[in-house]
Asks: 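What follows is a structure written as structure tokens; I'll ask about it next.
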Protein chains: 2
Amino acid sequence: MAKVKAQPLEDQLCFAIYKATNQYTKLYRKALEPFDLTYPQYIVLLALWESDHMIIKQLSEKLSLGIGTLNPIISKLVEKDYVTKTPSPMDKRSVVISLTPKGKNSEKTISEMISTKATECDSFTVFDHQFKLKLQELNTLLSHLNDLEEKK
Amino acid sequence: MAKVKAQPLEDQLCFAIYKATNQYTKLYRKALEPFDLTYPQYIVLLALWESDHMIIKQLSEKLSLGIGTLNPIISKLVEKDYVTKTPSPMDKRSVVISLTPKGKNSEKTISEMISTKATECDSFTVFDHQFKLKLQELNTLLSHLNDLEEKK
DNA sequence: ATATAATAAATCGTATACGATGTAAATGAG
DNA sequence: CTCATTTACATCGTATACGATTTATTATAT
């Protein structure tokens, strides 16, 4: 009977994704440095630019991040005057996260900078719609698998 | 002049990748629990199953991980008796990482478990060769971009 | 041969990321 | 209404992940 071998690292989807995230984080670290933002902090701002005044629970779902992860990121954003935390009037358990003027104004500057960076390399256009769709399929699948695990 | 808006979160490649990694980590956490391994620890083992006795520098390059990241992971693997650290005879600066018998034997068991998990959901087969190629292209591109940043 | 530079690890500080646990407020069953 | 359950958030412990600095060793230039 043949010995069971692991798949080579380079062939594994999970490794390719793992590597891509680390590279993205590295790349964004430099790009976001002038704004004193980390990549996850920027992700939270992206979510808020899309819809301001979400409660932490909503942010958590939109970003697929647990509260244990989100809380320190939000605290940093409060420190840096990008967002504020306000207790919700309707439900005293909830906390509403809102953009400060600085947080709102930064959308333009940061987005411009990011799009400049992106077009520095035309190759980005290589990553077409199909690829993104596949990635979304992958994420849906991973969510389902994680949900299944939850229920065990 | 129109106000510059950020791209919606869901449309951003970087976010899809970021999310996928988190989901993978979560999924593998459960799968690897019986072996007392984390996902990054498993990644290091994958690399060593492919070629044993690498020095830390080689591992670092193969995994695109810095030494600051790799060192605590390797230390954990040593603690758990999966690998050993030996100073290289040729170059006293280098440290060779080798699989212990436990590390070698675990390849079969872990790989079998992983492939069982993978086939739990046929949808994985949806992620074809083309998708992986694209992802590799993306990683190559990200590497180049990071290299360019280095040189600034 | 020696001073200098480059390299491989180790260590430290900051920031995620997740599960587990704790707490207060809201919900629901009787 | 009251008590058990659920929910939203906070906190803690463990494990990455990266850049910066330090240390020991090797390579190199003169």
Side-chain angles (χ1 to χ4, degrees), chain A residues 18-33 36-44 54-80 85-97 142 146 149-150 152, chain B residues 18-33 36-44 54-80 85-97 142 146 149-150 152:
Chain A
Y18 170 73
K19 211 164 130 180
T21 297
N22 289 340
Q23 309 242 40
Y24 262 125
T25 307
K26 231 153 125 177
L27 207 56
Y28 273 89
R29 182 193 311 275
K30 297 254 182 184
L32 294 169
E33 211 168 73
D36 190 26
L37 287 171
T38 64
Y39 179 58
Q41 288 163 18
Y42 165 67
I43 293 284
V44 170
M54 275 187 283
I55 66 169
I56 295 187
K57 174 72 181 172
Q58 291 173 311
L59 255 176
S60 164
E61 267 161 17
K62 192 171 176 71
L63 303 180
S64 304
L65 290 177
I67 265 147
T69 303
L70 218 43
N71 245 335
I73 299 178
I74 292 173
S75 298
K76 283 286 158 190
L77 287 174
V78 171
E79 266 180 44
K80 295 172 186 174
K85 291 171 75 166
T86 336
S88 168
M90 354 272 214
D91 187 337
K92 287 186 202 158
R93 291 169 305 178
S94 302
V95 174
V96 179
I97 308 298
L142 289 172
N146 272 318
E149 289 296 323
E150 286 296 305
K152 280 184 185 167
Chain B
Y18 170 73
K19 211 164 128 179
T21 298
N22 289 341
Q23 308 242 43
Y24 261 126
T25 307
K26 231 154 128 177
L27 206 56
Y28 272 89
R29 182 191 312 274
K30 296 255 182 184
L32 294 169
E33 211 169 74
D36 188 27
L37 286 171
T38 65
Y39 179 57
Q41 288 163 18
Y42 165 67
I43 292 283
V44 169
M54 273 186 284
I55 67 169
I56 295 187
K57 173 73 180 173
Q58 291 172 312
L59 256 176
S60 165
E61 269 161 15
K62 193 172 175 72
L63 304 179
S64 306
L65 291 176
I67 264 146
T69 303
L70 217 44
N71 244 337
I73 300 177
I74 292 173
S75 298
K76 283 285 159 191
L77 287 174
V78 171
E79 266 180 44
K80 296 172 185 173
K85 290 170 76 165
T86 338
S88 167
M90 354 272 213
D91 187 336
K92 286 186 203 158
R93 290 169 305 179
S94 303
V95 174
V96 178
I97 308 298
L142 289 171
N146 272 318
E149 288 297 323
E150 286 294 305
K152 280 183 186 167

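Just so we're on the same page: letters track the sequence lines, and every chain starts at 1. The figures that follow rest on heavy atoms only: side chains count, while hydrogens, waters and symmetry mates do not.
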Asks: Of the non-hydrogen atoms in Leu63(A) and Leu70(A), which two are nearest, and what is the gap between them?
Replies: CD1-CD1, 4.1 Å
Asks: Restricting to non-hydrogen atoms, name the atom on Asn71(A) and the atom on Lys85(A) that form the minimum distance, rounded to 0.1 Å.
Replies: OD1-NZ, 3.8 Å
Asks: Return the nearest nucleotide to the side chain of Arg93(B); candidates are dT16(D), dT16(C), dT25(D).
Replies: dT25(D)
Asks: Using a heavy-atom cut-off of 4.0 Å across all strands, would you classify Ile55(B) as base, sugar-phosphate, or nothing?
Replies: sugar-phosphate
Asks: Hey, does the side chain of Asn71(A) come within less than 4.0 Å of dA10(D)'s phosphate (OP1/OP2), counting only N and O?
Replies: yes
Asks: Where is the tightest heavy-atom contact between Leu65(B) and Tyr18(A), given as atom of each residue plus distance?
Replies: CD1-OH, 3.4 Å
Asks: Name the closest nucleotide to the Lys85(B) side chain, picking from dA26(C), dA10(D), dA10(C).
Replies: dA10(C)
Asks: Quick one: label Ile56(A) by what it contacts on the DNA or RNA (base, sugar-phosphate, nothing), any heavy atom closer than 4.0 Å.
Replies: sugar-phosphate
Asks: Both Arg29(A) and Ser94(A) contact DNA chain D. Taking the nearest nucleotide for each, which residue is further toward the 5' end?
Replies: Ser94(A)
Asks: For Gly68(B), answer base if it contacts any base atom (sugar-phosphate contacts may also be present), sugar-phosphate if it contacts only those atoms, and nothing otherwise; contact means non-hydrogen atoms under 4.0 Å.
Replies: base
Asks: Taking any heavy-atom pair under 4.0 Å as a contact, classify Leu65(A): base, sugar-phosphate, or nothing.
Replies: sugar-phosphate
Asks: Mapping Met90(A) and Pro40(A) onto DNA chain C by nearest heavy atom, which one lands closer to the 5' end?
Replies: Pro40(A)
Asks: Which whole-number value in Å describes the distance from Ile73(A) CD1 to dA17(D) P?
Replies: 15 Å
Asks: What's the NZ-P distance between Lys57(B) and dA8(C), to the nearest Å?
Replies: 5 Å
Asks: Ile67(A) has an atom CD1; how far is it from atom C1' of dT6(D), in whole Å?
Replies: 14 Å
Asks: What's the CD-P distance between Glu33(B) and dG19(C), to the nearest Å?
Replies: 10 Å
Asks: Let me know the distance between CG of Leu63(A) and C1' of dT16(C), rounded to the nearest Å.
Replies: 13 Å
Asks: Val95(B) has a side chain; which of dA15(D), dA10(C), dA17(D) sits nearest to it?
Replies: dA10(C)
Asks: For dA24(C), does either OP1 or OP2 sit under 4.0 Å from a side-chain N or O belonging to Lys92(A)?
Replies: no
Asks: Short question: side chain of Thr25(A), backbone of Thr21(A) - any donor-acceptor pair under 3.5 Å?
Replies: yes
Asks: When you get a sec, tell me which of dC18(C), dT16(D), dC9(D) is the closest nucleotide to the side chain of Thr69(B)?
Replies: dT16(D)
Asks: Considering heavy-atom distances to DNA chain D, does Tyr18(A) or Pro72(A) have its closest nucleotide positioned more toward the 5' end?
Replies: Pro72(A)
Asks: May I ask you to decide whether Glu61(B) forms a salt bridge with Lys57(B), counting only side-chain N to carboxylate O separations under 4.0 Å?
Replies: yes
Asks: Is there a side-chain polar atom (N or O) of Thr38(A) under 4.0 Å from OP1 or OP2 of dT14(C)?
Replies: no
Asks: I need the CD-P distance between Gln58(B) and dA9(C), as an integer number of Å.
Replies: 8 Å
Asks: Among side-chain atoms of Ser94(B) and Ser88(B), is any donor-acceptor pair under 3.5 angstrom?
Replies: no
Asks: Separation of Leu70(B) atom CG from dC18(D) atom P, in whole Å?
Replies: 10 Å
Asks: Name the closest nucleotide to the Gln41(B) side chain, picking from dA15(D), dA8(C), dA10(C).
Replies: dA15(D)
Asks: Where the side chain of Asp91(B) is concerned, which of dT26(D), dC9(D), dA10(C) is the nearest nucleotide?
Replies: dT26(D)
